[in-house]
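Input: a single structure, listed below in structure tokens.
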Amino acid sequence: MVTIPVKGMVTNDDDAPIYRDFLGMTVVSPQDVLDSLPDDGSPVTLDIASNGGEVDPATEIYTALKNYSGDVTAQISANAYSAATIVAMGAGKVQISPGARMMIHNAASGAEGNYHDMDRASNMLQTVNQSIAAIYADKTGRPVDEFLGLMDKESWLSAQDAIDLGLVDEVMSFEPVTNLAKPPLVNHRSIIKIKDLISENQKLKNTTSQISEHEKLVQAKMAIFYGKDDNTNE
């Protein structure tokens with residue numbers, strides 16, 4: 001399975017080299033994700049820990065993930081704020097670490113000029129908010145207006161909050177996983193018995209007057225190993 005890191009700021013393809021190569025910042029751009037998607041449609045996992053960034057590149061990544069033929073799982077390992085939440089919504093399944101967080105808020109930008117310019121900037125931002133809220137609504141089945149209200153308040157969400165809203169599907173599990181194809185060759189009780197016999201055997205080996213007892217212990221160990229001990233229930 002391919003793991004695609006979504007770390008640092010989400011930015012556009014043109015600016016990514018500037019941030020990365022000249023400023024030493026960790027960023028992710030649409031091309032980074034597109035280049036990482038396998039050609040064979042095999043499953044991918046997004047490892048998300050991002051404060052967000054630019055809406056348009058995040059939406060481009062979201063669309064690419066939605067169009068990907070394979071299964072996509074997003075794992076929010078630390079945080080998914082702002083535009084990073086848009087990226088997460090592109091996955092078929094969204095998981096979150098128990099201590100991780102999400103944050104959704106209104107879109108923001110800089111604007112200058114006369115009042116007509118300010119009006120146009122305001123209209124643009126409201127349109128962006130509608131588009132983002134529609135992405136959340138599509139994931140959760142909840143109304144767009146509900147998310148517009150949450151964005152207007154700048155909502156910080158715990159793992160459980162995100163699950164309750166439907167933005168996240170499940171909390172990540174950290175249960176240990178074994179890879180045994182069959183049970184151990186010798187059961188635990190037999191192992192304990194063998195350890196006891198080894199200890200007694202070591203004592204007998206230090207004496208020369210109990211050779212026959214030593215041989216009996218060897219045979220007892222082999223009987224336990226091959227399951228012929230009458231006192232052991234399998």
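Since the structure is predicted, the reported quantities are computational estimates derived from the model, not experimental observations.
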Nearest atoms (heavy-atom pairs only) where P98 meets F174: CD-CE1, 3.5 Å
dist T85:OG1 -> Y81:OH (nearest 0.5 Å) comes out at 12.0 Å
Non-hydrogen side-chain atoms of I132 and F147 separated by less than 4.5 Å: no
Do V28 and L34 belong together in a cluster built from hydrophobic side chains that touch within less than 4.5 Å? yes
Once rounded to the nearest 0.5 Å, what's the spacing between atom CG of D169 and atom OG1 of T73? 9.0 Å
Decide yes or no for I76 and Q95: does some side-chain heavy atom of the first lie under 4.5 Å from some side-chain heavy atom of the second? no
Does M102 form a side-chain contact (heavy atoms from CB on, under 4.5 Å) with V168? I'd like the steps, not just the answer. CA-CA 10 Å; M102 299 181 77; V168 168; 3.6 Å; yes
Please confirm whether the backbone N or O of D119 pairs with a side-chain atom of N123, one donor and one acceptor, at under 3.5 Å? yes
Path from L167 to L150 over hydrophobic side-chain contacts below 4.5 Å: yes
In the structure I gave you, are the side-chain heavy atoms of K93 and E170 within less than 4.5 Å of one another anywhere? yes
Test side-chain contact (heavy atoms from CB on, under 4.5 Å) on I86 and V10; report intermediate values, then the result. CA-CA 10 Å; I86 300 174; V10 181; over 6 Å; no
Calculate, to the nearest 0.5 Å, the distance between atoms CD1 and CD belonging to I48 and Q75 respectively. 9.5 Å
Side-chain heavy atoms of L125 within contact of S109, under 4.5 Å: yes
State the CG-NZ distance between N51 and K7, to the nearest 0.5 angstrom. 12.5 Å
If Ile, Leu, Val, Met, Phe, Trp and Tyr residues are connected whenever their side-chain heavy atoms lie under 4.5 Å apart, and connections chain through other members, are V27 and V55 in the same group? no
Are the side chains of V87 and Y62 in contact, using a 4.5 Å heavy-atom criterion? no
Going hydrophobic residue to hydrophobic residue with side-chain gaps under 4.5 angstrom, can you get from Y136 over to I163? yes
Charged N-O contact under 4.0 Å between R20 and D32: yes
Please tell me whether V2 and V33 are part of a single hydrophobic cluster in this structure, the criterion being side-chain heavy atoms less than 4.5 Å apart. yes
Donor-acceptor pair, D71 side chain versus P43 backbone, under 3.5 Å? no
Interatomic spacing from CZ in R142 to CG in L165 - rounded to 0.5 Å: 5.0 Å
How many angstroms lie between OG1 in T140 and CE in M89, if you round to the nearest 0.5 Å? 8.5 Å
